[in-house]
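Presented below is the structure to which this report refers.
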Amino acid sequence: MVLALVLTPKILWAFLIVGPILFLGFKDYFQKTQAIRRNFPLIGRLRYLLEMIRPEIYQYFIESNSDGAPFSREHRSLVYQRAKREVDTLPFGTQQDVYAPGYEWIPHSLAPLHLETKDMRVKVGGPHCKQPYSANLLNISAMSYGALSKNAILALNGAAKDGGFAHNTGEGGLSPYHLEPGGDLIWQIGTGYFSCRNKNGSFSPEKFKENAANPQVKMIELKLSQGAKPSHGGILPAKKVTEEISQIRGVPMGQDVLSPPAHTEFTTPIGLIEFIQKLRMLSDGKPVGFKLCVGKQREFIAICRAMIQTGITPDYIAVDGGEGGTGAAPLEFSNNMGCPGLDGLVFVHNALVGFGLKDKIKIFHSGKVSSGFGMIKRLALGADVIYSARAMMMALGCIQALRCNTNHCPTGVATQDPSLVEGLVVSNKRVRVANYHRGTIASVCEMVGAMGLHHPSALRRWHIVKRVSAHEVKNYAQIYPYFTNGDLLRGRIPESFTTACEGAVPETFMNSMDQKVA
């Protein structure tokens, strides 16, 4: 600088202008808290500046670049605040129009209680299970390695380890990044049978038994369908298939990985139930369940009748909603196929109660859950345990850039590009996911305690009230009436179940009318 001042003063002035910019660029690159700034020094600051000055403009940008905002600003802010352990209280009271149709609330009690977060667990394991699992109320929903980066998987599983909750692997199989941190795993098996497949794509009992014996694998989940693309099969674009992913999944390089729409190990409801029993035996009695998005109600009734006929029940059923998220799916499948989550949850709960099966089977539920109230509503409607994917991704740093299927995720969450993955610092994001989980469970405890209840298992549909019109309110028990245990076994079939029960037999997923058309 002295030499420049003596020889060429103009160089000094140029340095005074450029120097601070270079300093900020290097500072962005080496900081570890914000992946956008780390991956895009200086330029990435514009995103945070826009949110700070006018959040409404940033929200408009997100909405205008998608088919509807994937997550509301309110929910996104709540996740970010809890992940960063920022203040999540608000001034000036309720931020919603309480007289608008659709507004929901919880009746509180004048005799509130204090609940401990350590008690927020649920035992999963039916009469055929030898190794029941004590599940946290809130767990990480299915997201595969391949769809997500290795750093994202490491951070999620590390958070599960730190926070004492479970991490669903997604259908992409068990990877080293699921196992390295040591967190509890729910191993999901889809139609591609990744991590337990033969070279021809069929199911390998030997490989399944070997991987299921891993002590980190606490439960096994058979995926029948998911909300974002029901009955379609998983999609991993070729550009995201690295050599490592090719080896883990047992698939070729340079091609899209398209899982078959249906399983090859069974074709009937009885076949499904017998396969579940086979997985339970091969895993030495670990809890085994299946995941589905409700489609034809008759098919689920047929599965229930298969349980009655065989005497075999899954340990849990995971119900996904048609609004569920994914990194890649045909637009029409995401928007127009699959039963919405709350309707599917109520239907599955009523069916299990009607057939006298609910006391043997736990219900997991997923679909845009981000808050304590969102969890309480689903628990009241019949869920025992909650899955969350979208909120967990946001706790990782996802900004809804909607580039999941392009391999260009700017935050390093949903990409296999090494230069972008590097921006997601595992040690930092692991803490943030655990913070979000801790804060949300604490919120559930406070709200359930404020209702005067001792545990979320005491929640019922009448505990949630909804304004259905400007002048009428109903609780959810009035909107979705309860069934009495064993109603469907005794022939007391409500009108809403009449069509579904007609022709539903455990020997086939198709009824006589479907067979004639086919």
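- Here salt bridge (Lys or Arg N to Asp or Glu O under 4.0 Å) pairs that include residues 443-468, with residues two or more places apart or in two chains, number zero.
- Residues passing the side chain to side chain contact (heavy atoms under 4.5 Å, CB included) test with His263 are Thr191, Tyr193, Leu222, Leu224, Phe266, sequence neighbours excluded.
- For the residue pair Ser457/His455, the side-chain donor-acceptor check at 3.5 Å is satisfied.
- Note that the CG atom of Asn435 and the CZ atom of Arg430 stand 12.5 Å from one another [nearest 0.5 Å].
- Residue pairs meeting the salt bridge (Lys or Arg N to Asp or Glu O under 4.0 Å) criterion with at least one partner in residues 118-136, sequence neighbours excluded, are Lys130-Asp284.
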Taking only distance into account, with no hydrogens and no angle test, what donor-acceptor pairs under 3.5 Å do side-chain atoms of residues 378-385 form with protein atoms, sequence neighbours excluded?
unit_1: Arg378; atom_1: NH1; unit_2: Gly374; atom_2: O; d: 2.9
unit_1: Arg378; atom_1: NH2; unit_2: Gly367; atom_2: O; d: 3.3
unit_1: Asp384; atom_1: OD2; unit_2: Lys358; atom_2: NZ; d: 2.9
unit_1: Asp384; atom_1: OD2; unit_2: Ile363; atom_2: N; d: 2.8

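- Leu357 is linked by a side chain to side chain contact (heavy atoms under 4.5 Å, CB included) to Cys304, Met307, Ile308, Thr313, Leu352, Phe355, Ile361, counting only residues two or more places apart in sequence or in another chain.
- Side-chain contact annotation: Ser366 with Asp320, donor-acceptor N/O pair under 3.5 Å present.
- Applying the side-chain hydrogen bond (donor to acceptor under 3.5 Å, both in side chains) definition to pairs two or more places apart or across chains, those involving residues 477-499 are Asp343-Tyr480.
- Pro107 is linked by a side chain to side chain contact (heavy atoms under 4.5 Å, CB included) to Val465, counting only residues two or more places apart in sequence or in another chain.
- The ring-ring contact (aromatic ring centres under 6.0 Å, His included) analysis of residues 425-445, with sequence neighbours excluded, yields the pairs Phe165-His437.
- The pair Glu171-Lys223 meets the salt-bridge criterion, with a side-chain N (NZ, NE, NH1 or NH2) lying under 4.0 Å from an Asp/Glu carboxylate O.
- Annotation: ring-ring contact (aromatic ring centres under 6.0 Å, His included) contacts of Tyr103 (sequence neighbours excluded): Trp105.
- Not counting sequence neighbours, His365 has no partner by the ring-ring contact (aromatic ring centres under 6.0 Å, His included) test.
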Which is it for Phe275 and Phe203 under the ring-ring contact (aromatic ring centres under 6.0 Å, His included) test, yes or no, and what are the steps along the way? CA-CA 11 Å; Phe275 188 58; Phe203 174 73; 5.2 Å; yes
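- Contacts of Val426 classified as side chain to side chain contact (heavy atoms under 4.5 Å, CB included), with partners at least two apart in sequence or in another chain: Asn151, Leu154, Ala155.
- Within the structure, ring-ring contact (aromatic ring centres under 6.0 Å, His included) pairs that include any residue of residues 113-146 comprise Tyr145-Tyr177 (at least two apart or interchain).
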